[in-house]
Structures are given as C-alpha cells and as structure tokens.
Engineer: 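Before we start, here is the structure in question, set down as structure tokens.
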Number of protein chains: 4
Amino acid sequence: MSANANSPAAPSAGRPRSEEAHKAILDATLELLVEVGFSGLTVEGVAQRAGVGKATIYRRWPSKLPLVVEAFSQLPALEEIDSGDLVEDLIAMLRSYLQIVNQTPLATVLPSLAGERAHNPELSKLFDPVMKERRQPLIRALERAIARGELAPGLDVDLAADLIVGPIAVKVMNGIRVSPRSVGAIVELALRGIRGTDGRTDGARAPGPT
Amino acid sequence: MSANANSPAAPSAGRPRSEEAHKAILDATLELLVEVGFSGLTVEGVAQRAGVGKATIYRRWPSKLPLVVEAFSQLPALEEIDSGDLVEDLIAMLRSYLQIVNQTPLATVLPSLAGERAHNPELSKLFDPVMKERRQPLIRALERAIARGELAPGLDVDLAADLIVGPIAVKVMNGIRVSPRSVGAIVELALRGIRGTDGRTDGARAPGPT
Amino acid sequence: MSANANSPAAPSAGRPRSEEAHKAILDATLELLVEVGFSGLTVEGVAQRAGVGKATIYRRWPSKLPLVVEAFSQLPALEEIDSGDLVEDLIAMLRSYLQIVNQTPLATVLPSLAGERAHNPELSKLFDPVMKERRQPLIRALERAIARGELAPGLDVDLAADLIVGPIAVKVMNGIRVSPRSVGAIVELALRGIRGTDGRTDGARAPGPT
Amino acid sequence: MSANANSPAAPSAGRPRSEEAHKAILDATLELLVEVGFSGLTVEGVAQRAGVGKATIYRRWPSKLPLVVEAFSQLPALEEIDSGDLVEDLIAMLRSYLQIVNQTPLATVLPSLAGERAHNPELSKLFDPVMKERRQPLIRALERAIARGELAPGLDVDLAADLIVGPIAVKVMNGIRVSPRSVGAIVELALRGIRGTDGRTDGARAPGPT
DNA sequence: TCGTAAGCGAGACGGTACGTCGAGTCTTGCT
DNA sequence: AGCAAGACTCGACGTACCGTCTCGCTTACGA
C-alpha cells in the first residue's frame with residue numbers, strides 16, 4: 001500500500017466518523033472520572049453524558065481501559081521549562097504540575113491505571129509509553145544540566161528523576177496534599193543527593209544500574 | 001474489674017462467627033488479587049474460592065474494598081531492623097521488603113486502593129492508618145539515627161522517609177521491577193540529600209521542615 | 001413391643017417441648033398468611049413473629065408446608081348441624097361457613113395448598129385427609145337425608161356434595177365474595193339436580209355414580 | 001388515517017424486542033410449570049431454559065406472576081361448540097376441556113394463581129379478565145339455549161355456569177382425576193337443577209342474583 | 001440433689017434465587 | 001458506512017430466606 005502512515009486517509013466509503021462525538025466522549029470520560037472515580041466509571045454513563053451511542057464508543061476503543069488511558073493522556077503533563085538553571089527549571093515545572101494535580105482527576109486516575117497494569121498486558125502496552133512520555137520534560141531538564149556541566153555526565157537520569165518525583169508521588173498517592181510551596185525543599189534535598197558531596201559532580205561513583 | 005475494657009461487648013447470643021471462615025476469606029482474597037487483580041476480583045469469586053457463602057463475607061465487610069484493605073494489611077510490612085547503623089538498617093529493611101513486594105500482590109493492590117481512596121471516604125478512613133503504620137519501621141530507624149546523632153535533630157522524618165521510599169514506589173507503580181541489589185544506591189543518594197552537603201552529620205544546615 | 005402405637009409417650013429425657021411455643025408458632029403462621037399470603041410467608045418471619053428460634057419450628061415441622069397445613073387445619077370447618085331437614089341443614093352449614101371464609105385466610109390458603117399438592121406428594125399425603133375430613137359434615141347431612149328417605153338410597157354423595165359446594169368454591173377461588181344470603185338459591189338448585197326431576201325424592205331415576 | 005389507533009405508539013428507536021425471545025420465554029415457563037410446579041418455578045430457571053438473559057424477562061414482565069399469567073392464558077380454553085343442543089354442547093365442551101386439563105399444567109397453575117390473587121392486586125387485575133374470558137364459551141352456550149327457549153329467559157347464567165363447572169373444579173383442585181366420561185352425569189344433574197322441575201322452564205321462580 | 005439430656009432464643013453457616021446494573025454485541029431506521 | 005437508541009446474553013451485585021449448625025441457657029426427669 002502506498003498510503004503514508006501519517007495520512008492513512010482511508011478515503012473510505014460511508015459516513016466519516018464524527019470528530020465531535022470523539023471529543024464529547026473524551027470530555028465526558030474525564031468529567032466522570034472526577035465525579036465518580038475510575039472504578040465508578042461506566043461506559044454507559046460516558047455514552048449518556050456524551051449524548052452518544054455505546055457502539056460509537058466501542059467502535060473507537062475496544063474497552064473502557066484504553067478509553068480512560070486516552071482521556072488521561074489529554075491531561076496536561078509537566079510543562080517544558082528551560083530557564084538555563086536546573087533548580088529553577090525543576091521548581092517551576094513541579095510547581096505548575098502540582099497545581100494541575102490538585103485540580104484534575106490525575107491523582108485519582110493514575111494509581112487505578114497503575115494497579116490495573118499488572119494484570120492487563122494490553123493496558124500496559126498503551127499506558128507505559130504514555131507514562132514514559134510524561135516524564136520527558138524532567139529527563140530533558142536533567143540532560144540539559146548535564147550538558148551544561150551542572151550535573152555529572154555519568155548520572156543515571158532515570159534514577160535522578162525518580163528521586164525528585166518520588167517523594168511527591170508518594171505523598172499524592174497517600175492522599176496528602178502537596179503544597180506547591182514545598183517543592184523547593186524537595187528539589188533541594190533530591191539534588192543534593194544527586195549531585196553528590198558538596199556540589200562536586202562525582203559521576204564515577206554514581207549509583208549503578210537499576 | 002470483672003468487665004474488661006477490651007471486650008466489654010456482648011458475649012453475644014447466637015452462634016459465634018467462624019474464625020475459620022474469616023481466615024479462609026482473607027486467604028482467598030489475597031490469592032485472587034494475585035491471579036486476577038483488584039478490578040477483576042469479585043466477592044462471588046472470593047466466596048467460591050473460600051468455600052463460603054456470600055452472606056458470610058458481607059456480614060463482616062460492607063463491600064469488597066474494606067475486605068481488600070484487611071487482606072492487604074495482613075501482608076508483611078517493613079521488617080523492623082536495628083543494627084545500630086542507619087545505612088545498614090535502611091538497606092536491610094528495603095531489601096527484605098522488596099523481596100516481599102516482588103512475591104505478593106502488594107504492588108498490584110496498593111495502587112488500586114490508593115486510587116479508590118479519593119472517591120471513597122470510608123475506604124480512606126480504613127486505609128490511611130494502615131499505610132501510616134506500615135512505614136513506622138522506617139520512621140523509627142530515622143528517629144534512632146537522630147537519637148544517635150547520625151542525623152540532625154530538626155530533620156523532617158516524614159519527608160526523609162518519602163525521599164528514601166519515593167524512588168522505589170515510583171518504579172514499582174510503573175511496573176519496573178526493582179532489584180534488591182539496587183537499594184544501596186538509592187539509600188546512598190537519599191541519605192546524601194538528607195544528611196546535608198558532605199556526608200557529615202550537620203543538622204544545623206539541614207533543610208527545614210515542609 | 002408393649003408400647004401402644006397411640007401413645008408411644010416416649011417418656012423421654014430432657015426438657016419437654018413447649019406447648020406455648022407450639023401455639024405461638026401456629027398463631028403467627030395464620031396471622032402472616034392473612035397479611036402476606038402463602039407465597040409471601042417465610043419461616044423466618046413466623047419465627048420472629050412468634051418470638052421463637054427457627055430451630056424450634058423445624059424441630060416440629062419438616063418444612064413450611066406441613067406447618068401451613070397444620071395451621072390451616074385449625075381453622076373452623078363446616079359446623080355439624082342436624083335439624084332433621086336437609087335443606088335447613090345445608091343452608092345453615094353453608095351460611096356459617098361462608099362467614100368464616102369471609103373472615104379468615106381460608107380463601108387464600110386453600111388454593112395455594114391445592115396448587116402445591118400436584119408437585120409435592122408429601123404435602124398431598126398430609127393435606128388430602130384434612131380436606132376429606134372437612135367435608136364430612138356435609139356428607140353426613142346427605143347420608144342422614146338418605147336414611148330419612150329424603151334422598152335416593154343409591155345417591156353418589158360425593159358428587160352431590162361437589163354439586164352443592166362447587167359453585168361456592170368456584171366463586172371464592174375467583175375472588176367473588178359470596179354473600180351468605182345467596183346460599184339458599186345455590187342449595188335449592190343443587191338439590192333439585194340431586195333429587196331428580198320434580199322435587200320428589202325419586203332415587204330410582206337418580207343419576208348413577210361416576 | 002395514517003396513524004392507526006391500534007399502534008399509535010412510537011415506531012420507536014432502537015432495536016425492537018425479539019419476538020423469538022418472547023415466545024421462548026413463554027414456552028419455557030409452561031414447560032417448567034409442568035415439571036416443577038408454580039412455586040418451584042424460578043425466573044432464573046426460565047431464563048436458562050429459554051436461552052435468554054434474566055433482564056430480557058424483566059424487561060417484559062415485572063415479576064414472575066404476570067409472566068405465569070401470560071403463559072397460562074396461552075393454554076387452550078373451552079372450545080366453542082354449537083351443535084344446536086345445550087346438553088350436547090356442554091358435554092362436548094367439558095369433555096375436550098378435561099382432556100386438556102389432564103395434559104397441561106392448568107390444574108396446577110390455576111389454584112396457585114388464584115391463591116396469589118388475594119394478596120396481589122396487580123395480579124388480580126391481570127388475572128381476573130383472563131378467567132372471565134375463559135368461561136365465555138360456556139356462558140354463550142347457555143345464552144344460546146335461552147334464545148332457543150331451552151332455558152328460562154331470566155336465568156342467572158353465571159350461577160348456572162358455576163353449577164356446571166363447580167363440581168369439576170372442586171374435584172380437580174382436590175387432585176381427583178375427572179374422567180371425561182363422567183361429565184355426562186354432572187351436566188345432567190346441573191341442568192336438572194338449572195331447568196327447574198320436570199324440564200319446564202320456570203324462569204319466574206329462578207334463583208335471584210348473587 | 002444433682003447430672004444429664006433435651007429444648008430453648010439467637011444468630012452464623014453454605015447455598016440459591018432474587019431483581020438490578022453494567023459489559024460488550026447486535027439490530028433498528030435515519031443521515 | 002456512521003449515528004442514537006435500545007434490546008440482546010452474560011455475569012456480578014448486595015439482599016433475603018432456606019434448612020442446618022453451634023452457642024450459652026433453662027427445664028424437668030431419673031439416678
């Protein structure tokens with residue numbers, strides 16, 4: 001087939017799928033996630049709220065999980081910020097992110113999906129890339145810092161990201177509201193650990209593999 | 001005193017509840033959590049597996065959530081270890097804990113329950129104390145270190161605990177298996193952040209509380 | 001065995017069964033039959049109403065059917081009346097009986113039990129003798145009339161009884177209230193049929209048996 | 001008129017209800033009535049036998065009673081017979097009817113429904129018209145006889161019908177098989193009562209209303 | 001007089017059916 | 001074709017009773 005991947009363009013017969021319906025469904029999904037939570041969410045409810053037939057939903061998503069994943073992936077992620085200074089970047093990114101977390105179903109949906117992952121390989125396949133993508137701004141900020149010499153070249157950026165994000169994630173998961181103002185202390189602590197002693201980057205002794 | 005404060009309750013009429021059934025239910029619940037996950041768990045399935053009537057379950061737990069919480073809280077938590085050295089304590093505790101995590105439904109159940117918390121205040125009431133209790137060994141290890149002078153007296157132990165546990169939790173939630181051998185690096189990094197700049201215990205310059 | 005079949009009297013050890021409980025159970029059964037009907041009657045409900053444990057009921061009756069049969073058989077039946085005149089006997093008996101029917105759950109219970117009979121041989125064994133006994137006053141009144149020469153000697157009394165009782169039974173079953181005043185007409189018609197053509201007792205031309 | 005009065009209703013959106021399922025449900029209901037009786041009949045069993053979901057049953061009938069009524073009302077009733085002679089009509093009708101009674105769950109179901117009537121007004125509303133309709137052939141035969149002069153014009157046809165049907169009904173209810181050959185005697189007796197003395201129609205002195 | 005066997009109210013036990021709800025599929029007529 | 005609507009089969013929900021089984025107790029008999 002000559003068809004380009006970007007424009008499958010299936011000129012297709014019949015009536016084209018309604019973009020309107022698509023959006024209405026995703027919106028309704030997010031609304032309901034906020035209102036009734038993940039386990040209380042029903043496809044029937046989504047269809048009703050979106051003013052759409054159930055079949056229209058199943059035509060697009062094979063089950064409610066991918067639907068929720070797609071709705072979820074519409075939520076704002078970490079905002080890419082590049083001020084030239086790592087600490088500033090991190091603090092700004094996490095502050096704006098926390099505001100989002102505190103206002104959207106993110107904190108609710110994420111653990112549910114994570115819990116489902118283990119027993120649902122298909123979900124895992126959809127969900128993992130989304131999660132990976134979401135932390136990229138953080139990863140890139142760390143990589144810029146390495147490039148600038150602020151951090152040691154051999155640094156395990158993934159571990160570093162976890163060290164920064166971990167405390168916040170744990171608190172959020174446990175239902176402890178995290179004030180945006182407290183990110184300063186967290187970032188400071190995490191960076192101190194990452195940087196190694198007294199600010200000298202000491203990649204050689206950086207933590208080993210996963 | 002003839003009436004003991006601990007069991008003032010009615011010695012109660014009627015047949016007493018069966019301890020045997022109670023245990024069978026919790027065991028079946030854990031087994032099924034491993035096999036089908038939280039959302040795939042049905043009360044009907046638990047009853048069948050436990051060889052018990054559904055009513056016997058509902059007589060004890062109002063819904064599947066508190067049931068899962070109780071089953072969950074039976075899982076081993078952090079083992080209390082006191083070697084006299086903080087690093088050794090932490091590494092030993094986390095290593096043994098990770099082995100448990102990798103062998104039980106812990107990693108599956110926890111996020112599901114956490115996700116439900118937000119929309120279910122009753123669950124929250126049951127679940128939060130359980131979670132709090134579970135990290136106590138970690139908290140106590142930190143407090144012992146403070147008492148020994150290994151850590152600064154003004155340290156925010158909760159934040160410190162999150163810094164240690166966070167990276168592991170994040171990885172587990174994302175389905176990344178964490179090898180027990182990698183805890184050394186994590187603890188090292190976290191402690192470096194907690195201790196202050198150069199590994200010297202220097203509470204005076206330790207970060208302030210949240 | 002010396003033991004008499006009628007009073008095996010099991011001298012019995014242990015506490016004797018409570019007559020009080022027995023009566024309370026039967027009373028509660030009748031009350032509930034009136035209130036919720038046969039199919040709505042539950043043993044649990046009877047136990048509660050009677051202030052009795054379920055086991056106390058099952059110790060006496062193997063299931064709710066025999067219980068209902070016994071409660072039912074406590075209801076007043078046809079009153080034995082012997083005025084010396086057949087018509088008078090029948091009218092008086094049926095009138096008093098209809099008053100009972102209109103005031104007790106008889107009209108409700110009887111069809112339910114009858115319906116159960118077909119698929120429940122045990123019930124049948126208990127119920128049939130009760131039903132047979134209940135029509136005896138009617139049968140005896142007819143037999144007295146034969147003895148007096150009022151009716152033909154060869155008369156099929158069972159059929160005759162059905163002819164008299166039938167119309168009333170059918171109306172009651174269909175929920176049509178039968179006024180005691182209308183029994184005169186029914187008896188008159190039935191007897192006219194039974195007696196033969198012209199009201200003269202003429203057994204010779206009476207219809208043969210089934 | 002474009003909109004027919006009989007089906008003015010919405011041609012309705014959505015998938016229409018399946019006639020196939022409807023029939024399968026009614027058939028299964030009758031089968032099970034024969035096998036396990038009315039009180040042994042469960043909606044679950046009907047659904048299974050009919051190869052249908054329970055919801056499909058509850059979508060059509062609010063409970064098992066109306067379902068049974070509808071199934072019941074499908075059973076053959078009295079066959080309309082008009083030979084020009086009352087006795088012949090009655091005998092033929094009752095004979096054919098008895099054959100049906102002896103071969104279908106009629107004798108079982110009817111008393112159960114009748115017993116339920118008293119405590120269930122909704123059932124009563126459904127059931128009474130059905131019962132009324134079922135005796136119409138008998139009523140009409142009597143009315144034809146009146147028109148022909150065979151019976152007195154003032155005759156209470158309802159009472160007459162009860163007089164004919166009553167004895168049979170009572171026997172059937174009591175589990176006594178009624179042979180089709182015995183209807184001759186019953187009809188003869190009943191008619192003799194109805195006709196009044198020696199065959200002369202004597203409407204003037206016919207029994208009064210209920 | 002005292003033990004012991006049975007009865008007692010209470011209520012938990014393993015089950016089965018209830019009537020409801022949602023999942024995911026299928027079938028209408030309309031666009 | 002896609003669409004909204006809504007019926008379809010299936011299976012879990014949480015409840016109510018079934019008939020059985022402990023409990024701790026009361027009651028009356030017979031040793």
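Chain A is the first sequence line, chain B the second, and so forth, proteins listed ahead of strands; every chain is numbered from 1.
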Engineer: Find which nucleotide of DNA chain F each of C:Thr42 and A:Ala50 is nearest to by heavy atoms, and output the residue with the more 5' nucleotide.
Structural biologist: A:Ala50
Engineer: If I take atom CG in residue D:Leu65 and atom P in nucleotide E:dC18, what distance separates them, rounded to the nearest angstrom?
Structural biologist: 12 Å
Engineer: With sugar-phosphate meaning primed atoms plus P, OP1 and OP2, does C:Ala55 contact a base, only sugar-phosphate, or nothing at under 4.0 Å between heavy atoms?
Structural biologist: base
Engineer: Kindly point out which of F:dA12, E:dC26, E:dA12 is positioned nearest to the side chain of B:Arg60?
Structural biologist: E:dA12
Engineer: Can you check whether C:Arg49 has a side-chain N or O nearer than 4.0 Å to OP1 or OP2 of E:dG9?
Structural biologist: no
Engineer: Rounded to whole Å, please give me the gap between CD in C:Glu44 and P in E:dG15.
Structural biologist: 18 Å
Engineer: To the nearest Å, give me how far apart CH2 (A:Trp61) and P (E:dT25) are.
Structural biologist: 15 Å
Engineer: Report the nucleotide, chosen from E:dG22, F:dC8, F:dC17, that has the shortest atom-to-atom distance to any side-chain atom of D:Ser18.
Structural biologist: F:dC8
Engineer: What is the minimum heavy-atom distance between A:Lys64 and A:Ser39, and which atoms define it?
Structural biologist: NZ-O, 4.3 Å
Engineer: Taking atom P of E:dG24 as reference, at what distance in whole Å does atom NZ of A:Lys64 sit?
Structural biologist: 8 Å
Engineer: Give the nucleotide from the list E:dA23, E:dC18, F:dT9 with an atom nearest to the side chain of D:Val52.
Structural biologist: F:dT9
Engineer: Is there a donor on the side chain of D:Arg15 or the base of E:dC26 sitting less than 3.5 Å from an acceptor on the other?
Structural biologist: yes
Engineer: From OH of C:Tyr58 over to P of F:dT22, roughly how many Å is that when rounded to an integer?
Structural biologist: 17 Å
Engineer: With a 4.0 Å cutoff (strictly under), does any side-chain N or O of B:Thr56 reach OP1 or OP2 of E:dA12?
Structural biologist: no
Engineer: Whole angstrom is fine here: how far is it from CG in D:Leu67 over to P in E:dA17?
Structural biologist: 16 Å
Engineer: Kindly say if A:Arg59 contacts the phosphate of E:dG24, meaning a side-chain N or O under 4.0 Å from OP1 or OP2.
Structural biologist: no
Engineer: Ignoring backbone atoms, test whether B:Arg17 places a side-chain nitrogen or oxygen under 4.0 Å from the OP1 or OP2 oxygen of E:dA10.
Structural biologist: no
Engineer: Report the C-alpha distance between B:Gln48 and B:Lys54 in whole Å, list the side-chain angles of each, state the deciding distance to 0.1 Å, and finish with yes or no for side-chain contact (heavy atoms from CB on, under 4.5 Å).
Structural biologist: CA-CA 8 Å; B:Gln48 201 152 358; B:Lys54 266 198 292 178; over 6 Å; no
Engineer: Tell me whether A:Arg117 is salt-bridged to A:Asp128, with the criterion being a basic N under 4.0 Å from an acidic carboxylate O.
Structural biologist: yes
Engineer: Between E:dC8, F:dG6, E:dG14, which one does the side chain of D:Ala13 approach most closely?
Structural biologist: F:dG6
Engineer: Taking for each residue the nucleotide of DNA chain E with the nearest heavy atom, is it D:Gly45 or C:Gly51 whose nucleotide lies nearer the 5' end?
Structural biologist: C:Gly51
Engineer: For a quick check, tell me whether the side chain of D:Lys54 and the base of F:dG11 share a donor-acceptor pair closer than 3.5 Å.
Structural biologist: no
Engineer: Quick one: B:Glu20 CD to E:dC13 P, roughly how many Å, whole number?
Structural biologist: 11 Å
Engineer: Measure from the side-chain heavy atoms of A:Ser63 and tell me the nearest of F:dC18, E:dA23, E:dG24.
Structural biologist: E:dG24
Engineer: To the nearest 0.5 Å, tell me how far C:Leu65 CG sits from C:Leu113 CG.
Structural biologist: 7.0 Å
Engineer: To the nearest angstrom, how far is A:Ile57 atom CD1 from F:dG6 atom P?
Structural biologist: 16 Å
Engineer: Run the side-chain contact (heavy atoms from CB on, under 4.5 Å) check on C:Glu31 and C:Arg49 step by step: do they pass?
Structural biologist: CA-CA 9 Å; C:Glu31 281 175 41; C:Arg49 173 78 60 108; 2.6 Å; yes
Engineer: For the CG atom of A:Leu41 and the CG atom of A:Leu32, what is their distance to the nearest 0.5 Å?
Structural biologist: 5.5 Å
Engineer: Would you mind telling me which residue lines up with the more 5' stretch of DNA chain F, B:Leu41 or C:Leu41, judged by nearest nucleotide?
Structural biologist: B:Leu41
